[in-house]
Q: 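One structure follows; several queries about it will come next.
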There are 2 protein chains.
Amino acid sequence: MKSATENSNALLLENQICFPLYSAANALIRAYKPFLDQLDITYSQYLVMLVLWQHRAVTVKELGQQLGLDSGTLTPLLKRLESKGLVLRKRSTKDERARIISLTRQGKSLEQQAANIPRDLFCKTGLSPAQAKQLKALCQQLQAVLDN
Amino acid sequence: MKSATENSNALLLENQICFPLYSAANALIRAYKPFLDQLDITYSQYLVMLVLWQHRAVTVKELGQQLGLDSGTLTPLLKRLESKGLVLRKRSTKDERARIISLTRQGKSLEQQAANIPRDLFCKTGLSPAQAKQLKALCQQLQAVLDN
DNA sequence: GATAAAAAGATTGTACACAATATAAATTTG
DNA sequence: CAAATTTATATTGTGTACAATCTTTTTATC
């Protein structure tokens, strides 16, 4: 039989895996802010732009699969990017249900302004390349297992 | 001079540290949901309860320091916990500005119901104890560096 | 080919995060 | 000790996340 002390140990904030991960993710998003403020986009909008810079044009569904977000998150976010003049939201002619999200010229040109963000941020983390690699691998494994 | 290809590599979603961390944190919060639904609390509310189970009573400021959250997040969250009957929000008699957050009997008794969540969730992650330890350490280091 | 089922987004509602500002109490300073 | 500053919390506004539901279009199935 477990003692009360043993039981409560498992519930200490410091003993959870969840809290450091949650806290580090929040801290990382905050760390991006000064850089992203210069581009006038948020962190989540930046993730969408990363996908678009890579793929040029994608559907909302594909974006959702890449980023693990649903239409309830993406639809308003994409409308904001549209109103900023960074993306277009055209209906597919092949499938009228689907929206094709593509970059405007302004959206494309933002890629140059974002070019140094990954390096700047990596410096800010103070992680060694090996540590970053390890952290990335562990997070990817965790996410993959949890999302089945 | 860098080629366009070299520049864009740094901006690939897969090459960012940020995305796996963000994505894993989201996945972990989703993974808690079925367990926390049984207690009728959210993930953030659970973090607050962890602090309270450990310390019995704290001010909003202390909660914010422990969790890295500000009053804009905590005030409405604590009001929700209060309306669920889990916490009390009393003004300090020593300092009328401060709110002392304490557990109700119901809030205390919830600790027993939460006792198995850490173990259940750890199983769900599929991480080895060594991997969990590593992930935790890297996240704590990252958060500490980023928040100065 | 009409009807049922599935798929793609949009909408609604709840709950964070967090910046910016406001308010009131406590503390410091002149 | 009055005025200025600081501190603790609350409020407001914006932007995610995500569950649940709805609409429209497409695809199956009879």
Q: When you measure from every atom of DNA chain C, which of residues 81-103 of chain A have a heavy atom less than 4.0 Å away?
A: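 The answer is Arg89(A), Arg97(A), Ala98(A), Arg99(A).
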Q: Starting from P on dA17(C), measure out to CG on Leu77(B) and report it in whole angstrom.
A: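 Going from Leu77(B) (CG) to dA17(C) (P), I get 8 Å.
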Q: If you find the nucleotide of DNA chain D closest to Val60(B) and the one closest to Thr73(A), which residue's nucleotide is nearer the 5' end?
A: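 Result of the comparison: Val60(B).
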Q: Rounding to an integer number of Å, can you tell me how far Ile29(A) CD1 sits from dC18(C) C1'?
A: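 That distance rounds to 11 Å.
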Q: What residues, two or more places apart in sequence or in another chain, satisfy ring-ring contact (aromatic ring centres under 6.0 Å, His included) together with Tyr32(B)?
A: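 ring-ring contact (aromatic ring centres under 6.0 Å, His included) check on Tyr32(B) returns Tyr43(B), Tyr46(B).
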Q: Determine the contact category for Gly64(B): base if any of its heavy atoms lies under 4.0 Å from a base atom, sugar-phosphate if only primed atoms, P, OP1 or OP2 are that close, otherwise nothing.
A: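 The residue Gly64(B) makes no contact with any strand.
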Q: If we ignore hydrogens and angles and just use 3.5 Å, is the side chain of Glu62(B) paired with the main-chain N or O of Thr59(B) as donor and acceptor?
A: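 Such a contact is found between Glu62(B) side chain and Thr59(B) backbone.
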Q: Considering only heavy atoms of chain B and a distance under 4.0 Å, specify the first and last nucleotide of DNA chain D in 5' to 3' order that meet this criterion.
A: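 The footprint of chain B covers dT7(D) to dA19(D).
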Q: Counting any heavy atom closer than 4.0 Å, what does Thr42(B) reach on the DNA or RNA strands: base, sugar-phosphate only, or nothing?
A: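 Sugar-phosphate contact only.
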Q: Got a donor-acceptor contact below 3.5 angstrom from the Gln66(B) side chain to the Leu63(B) backbone?
A: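 Flag not set: sc Gln66(B) to bb Leu63(B) has no pair under 3.5 Å.
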Q: Rounded at 0.5 Å granularity, tell me how far CG in Leu81(B) sits from CD in Gln106(B).
A: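 The CG atom of Leu81(B) sits 11.0 Å away from the CD atom of Gln106(B).
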Q: For Thr73(B), which residues count as a side chain to side chain donor-acceptor pair (under 3.5 Å) partner, sequence neighbours excluded?
A: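 Expected list: Asp70(B).
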Q: Within this structure, what is the CG-to-C1' distance between Asp147(B) and dA17(C), rounded to whole angstrom?
A: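 In whole Å, dA17(C) C1' and Asp147(B) CG are 13 Å from each other.
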Q: Provide, to the nearest angstrom, the distance between the NZ atom belonging to Lys79(B) and the C1' atom belonging to dC16(C).
A: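 Computing the Lys79(B):NZ to dC16(C):C1' distance gives 15 Å.
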Q: Between CD1 of Ile29(A) and CG of Leu21(B), what distance do you get to the nearest 0.5 Å?
A: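 Rounded to the nearest 0.5 Å, the CD1-CG separation comes to 8.5 Å.
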Q: Quick one: label Arg30(B) by what it contacts on the DNA or RNA (base, sugar-phosphate, nothing), any heavy atom closer than 4.0 Å.
A: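 Sugar-phosphate contact only.
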Q: For Ile41(B) and dA15(C), give me the distance from atom CD1 to atom C1', rounded to whole Å.
A: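 Interatomic distance, CD1 of Ile41(B) to C1' of dA15(C): 14 Å.
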Q: OP1 or OP2 of dA15(C) versus the side-chain N and O atoms of Ser44(B): is any pair under 4.0 Å?
A: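 No, outside the criterion.
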Q: I need the CG-C1' distance between Asn26(B) and dA15(C), as an integer number of Å.
A: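 One finds 14 Å between C1' of dA15(C) and CG of Asn26(B), rounded.
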Q: In whole Å, I'd like the distance from the CG atom of Leu78(A) to the C1' atom of dG9(C).
A: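 About 11 Å, once rounded to whole Å.
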Q: Is the side chain of Arg99(A) donor-acceptor paired with the backbone N or O of Arg89(A) at a distance under 3.5 Å, no angle test?
A: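 Side chain of Arg99(A) to backbone of Arg89(A): a pair is present.
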Q: How would you list, by chain and number, every residue that makes a salt bridge (Lys or Arg N to Asp or Glu O under 4.0 Å) with Lys79(B), sequence neighbours excluded?
A: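 So Lys79(B) forms no salt bridge (Lys or Arg N to Asp or Glu O under 4.0 Å) with any residue.
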Q: Do Val58(B) and Ser102(B) come close enough that some side-chain heavy atom pair is under 4.5 Å?
A: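 Answer no - side chains too far apart.
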Q: What's the CG-P distance between Asp40(B) and dT14(C), to the nearest Å?
A: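 Result: 14 Å.
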Q: Hey, which of these two, Glu62(A) or Gly68(B), hits DNA chain C nearer its 5' end, going by closest nucleotide?
A: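 Its nearest nucleotide being more 5', the pick is Glu62(A).
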Q: Report yes or no: is there a donor-acceptor pair, N or O only, under 3.5 Å between the side chain of Ser71(A) and the base of dA10(C)?
A: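 Side chain to base: pair found, below 3.5 Å.
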Q: Residues in salt bridge (Lys or Arg N to Asp or Glu O under 4.0 Å) with Arg30(B), at least two apart?
A: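 Arg30(B) satisfies salt bridge (Lys or Arg N to Asp or Glu O under 4.0 Å) with Asp147(A) only.
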